[in-house]
Amino acid sequence: MARGSGRCARIGGALTVLISCCVMTGCPPRGSASRGDATNATELTPPEARRAFEPLVAAHNARVALFESFVAPAAVVLRYPELDRGVDREVEQQLDASISLASGGRGALELKLLGKTWAWRGGDGSRSWVYMAAGEQPSQLHVYERLSDGTNTEAGALVGGAELTLLTPASLRLLLGLAPIAPEWSLVPIVPAAGEPLAGTPTARYEVRWNPTPAAIARMRLDGAGAPLSIVVTDLAGSEIVRALHAEPLRVRRENIAMGAWPAVARRISIDASRSRSGATILLDAEALARPMRAPKERFFDLTAMQLYLAPQEVIVHDPSSAARPTPAAGASPRKVW
């Protein structure tokens with residue numbers, strides 16, 4: 001970035017932990033647990049383990065289908081490193097958040113500090129945008145014409161790149177446990193900590209693995225009802241990018257569904273990206289989830305409307321091609337970053 005590449009870039013990388021997972025090139029390795037990996041006192045073979053998990057995966061995907069749209073207020077505690085007078089220290093920000101997810105990969109995450117928009121992450125399913133008004137730098141709206149182009153930004157270098165490679169609400173769905181498990185899922189054995197015995201139940205011995213993108217690997221541990229307990233995203237080499245731990249399951253009101261069949265989500269989601277030393281804790285508003293859920297606002301997924309609402313001082317369009325294209329109809333004048 002030509003301007004605001006210091007503190008705002010670090011904050012931007014940390015914020016992306018909330019909604020990003022790795023997209024690179026190539027095909028991730030496939031595999032499933034072998035009999036030698038799976039055997040214990042109960043002698044579960046891989047086919048038996050898969051049969052035990054099939055209803056759990058089906059239950060997870062059926063629950064996710066009820067959350068094609070998801071709107072909820074939340075409280076967010078964001079942690080990220082900051083260089084202060086030559087000393088690297090960890091900063092913690094307590095923010096108010098509003099999450100809006102819709103069909104077609106559309107979504108928005110607004111973070112507010114003392115009632116003012118501090119950051120916004122959103123997208124319309126093909127493009128994504130990032131607004132930053134944190135710190136003393138001019139407010140900026142970054143527009144990514146291709147979802148994978150965020151990795152080329154200067155901010156990406158500051159956080160190791162991986163946390164800034166896919167700026168899309170689909171990643172927020174994944175970390176919140178609201179994304180389906182792909183049909184081509186497999187099982188991998190859970191390796192217990194040193195000195196700990198391997199439990200006999202299938203969910204304590206295996207986790208589900210699939211590819212949320214062509215080059216990212218997700219592993220999910222499920223409970224006995226098919227709800228996620230943890231989600232880990234790695235790169236092709238198996239290096240961890242981000243993990244999310246789920247706690248405090250809460251049933252969410254859905255119209256035309258009996259109360260006893262309301263689907264559940266985790267109220268507390270703890271997110272950690274160790275290599276960028278960033279993390280966040282998301283606390284969904286329990287009272288709001290018990291009320292009828294309102295529909296996402298369509299203007300949140302329209303770039304022109306968002307420019308008018310956010311009124312950034314600068315718009316930076318990340319476009320790797322040299323083809324001419326119209327400039328945005330509203331907001332600040334854009335400049336291209338190649």
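Numbering of residues begins at 1 and proceeds along the displayed sequence. Any value given below was found using the heavy atoms of this structure, including those in side chains, with hydrogens, waters and symmetry copies removed.
Taking both residues in full, the closest heavy atoms of Trp185 and Arg50 are given as O-NH1, 2.9 Å, listed atom of the first, atom of the second, then distance. Between Val64 and Leu178 the shortest heavy-atom distance is CG1-O, 3.0 Å. Ala204 and Ile190 get closest at one heavy-atom pair: O-CD1, 3.6 Å. The two residues Leu284 and Ala266 have their closest heavy-atom pair at CD1-O, 3.5 Å. Across all non-hydrogen atoms, the minimal contact from Ala72 to Leu289 is CB-CD2, 3.8 Å. The heavy-atom pair separating Val233 from Ala216 by the smallest distance is CG1-CB, 4.4 Å.
Proximity of Val76 to Leu109: side-chain heavy atoms (C-beta onward) are nowhere separated by under 4.5 Å. For the pair Val57/Val208, a side-chain contact is recorded, criterion being any heavy-atom separation below 4.5 Å from C-beta on. Contact check for Leu95 versus Lys112: no side-chain heavy atoms found under the 4.5 Å cut-off. At a threshold of 4.5 Å between non-hydrogen side-chain atoms, the residues Ile181 and Met220 count as touching. Using a 4.5 Å heavy-atom threshold, the side chains of Gln313 and Leu141 count as separate. Side-chain contact between Ser230 and Arg243 is absent, with no heavy-atom pair separated by less than 4.5 Å. A 4.5 Å side-chain heavy-atom check between Thr117 and Glu110 finds at least one atom pair inside the cut-off. Side-chain contact check for Arg63 versus Val265: some heavy-atom pair is nearer than 4.5 Å.
Between the Trp118 side chain and the Met132 main chain, no donor and acceptor come within less than 3.5 Å of each other. Of the possible polar contacts, none joining the His142 side chain to the Ser128 backbone as a donor-acceptor pair under 3.5 Å is found. Not one N or O on the side chain of Arg267 forms a donor-acceptor pair closer than 3.5 Å with the backbone of Leu250.
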Review point. What's the verdict on side chain to side chain contact (heavy atoms under 4.5 Å, CB included) for Thr234 and Ser239, showing C-alpha distance, side-chain angles and the deciding distance?
Key: CA-CA 5 Å; Thr234 67; Ser239 298; 6.0 Å; no
Take Tyr131 and Gln140 through the test side chain to side chain contact (heavy atoms under 4.5 Å, CB included) and record every step on the way to the result. CA-CA 6 Å; Tyr131 170 78; Gln140 295 179 333; over 6 Å; no
Give the intermediate values and the outcome of side chain to side chain contact (heavy atoms under 4.5 Å, CB included) for residues Val232 and Glu240. CA-CA 7 Å; Val232 178; Glu240 182 176 312; 4.0 Å; yes
Go through it in stages, so that I can follow the logic: the residues are Val143 and Val315, the test is side chain to side chain contact (heavy atoms under 4.5 Å, CB included), and I'd like the CA-CA distance, side-chain angles, deciding distance and then a yes or no.
CA-CA 7 Å; Val143 180; Val315 177; 4.2 Å; yes
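Salt-bridge annotation for Glu298 and Arg106: present, with a side-chain N of the basic residue lying under 4.0 Å from a carboxylate O of the acidic one. Between Glu248 and Arg268 there is a salt bridge, with a side-chain nitrogen of the basic residue lying less than 4.0 Å from a carboxylate oxygen of the acidic one.
Judged purely by distance below 3.5 Å, without hydrogens or angles, the side chains of Thr304 and Gln307 never pair a donor atom with an acceptor atom. No side-chain donor-acceptor contact under 3.5 Å links Glu314 and Ser139.
Residue pairs that meet the ring-ring contact (aromatic ring centres under 6.0 Å, His included) test with at least one member in residues 284-308, sequence neighbours left out, are Trp120-Phe300.
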Ignoring hydrogens and angles, write down the donor-acceptor pairs under 3.5 Å from the side chains of residues 222-229, residues two or more places apart or on other chains.
from	atom 1	to	atom 2	distance (Å)
Asp223	OD1	Ala225	N	2.9
Asp223	OD1	Gly226	N	3.0
Asp223	OD1	Ala227	N	2.9

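Between Asn61 atom CG and Leu56 atom CG the span is 11.0 Å, to the nearest 0.5 Å. Note that CD1 of Ile271 is 11.5 Å distant from OG of Ser278, once rounded to the nearest 0.5 Å. Within the model, atoms CG of Leu111 and CD of Gln93 stand 10.0 Å from one another, a figure rounded to the nearest 0.5 Å. Rounding to the nearest 0.5 Å gives a distance of 10.5 Å between CG of Leu245 and CD1 of Ile269. Distance check: Ser186 OG to Glu207 CD gives 10.0 Å after rounding to the nearest 0.5 Å. The structure places CE of Met293 at 11.0 Å from CZ of Arg253, a figure rounded to the nearest 0.5 Å.
Residues Tyr309 and Trp129 fall within the same hydrophobic cluster, defined by Ile, Leu, Val, Met, Phe, Trp and Tyr side chains chained together at heavy-atom separations under 4.5 Å. Hydrophobic clustering (ILVMFWY, side-chain heavy atoms < 4.5 Å, transitive): Val71 and Leu174 are in one cluster. Connection of Val77 to Leu172 is not established within any shared hydrophobic cluster, with ILVMFWY side chains joined at heavy-atom distances below 4.5 Å, either directly or through further cluster members. By the rule that hydrophobic residues join a cluster once side-chain heavy atoms approach within less than 4.5 Å of another member, Val252 and Ile257 end up as members of separate clusters.
The side-chain contact (heavy atoms from CB on, under 4.5 Å) check on Ala305 picks up Arg299, Asp302, with sequence neighbours excluded.
Around atom CD of Glu287, no more than 12 heavy atoms belonging to other residues, nucleotides or ligands sit under 6.0 Å away. Glu68 CD: 12 or fewer foreign heavy atoms inside a 6.0 Å radius.
In this structure, Phe53 and Tyr206 have perpendicular ring planes: the angle between them is above 60°, well past the 30° mark.
In this structure, Arg219 forms no cation-pi arrangement with Trp210, as its terminal cationic atom is not both closer than 6.0 Å to the ring centre and no more than 45° off the ring axis.
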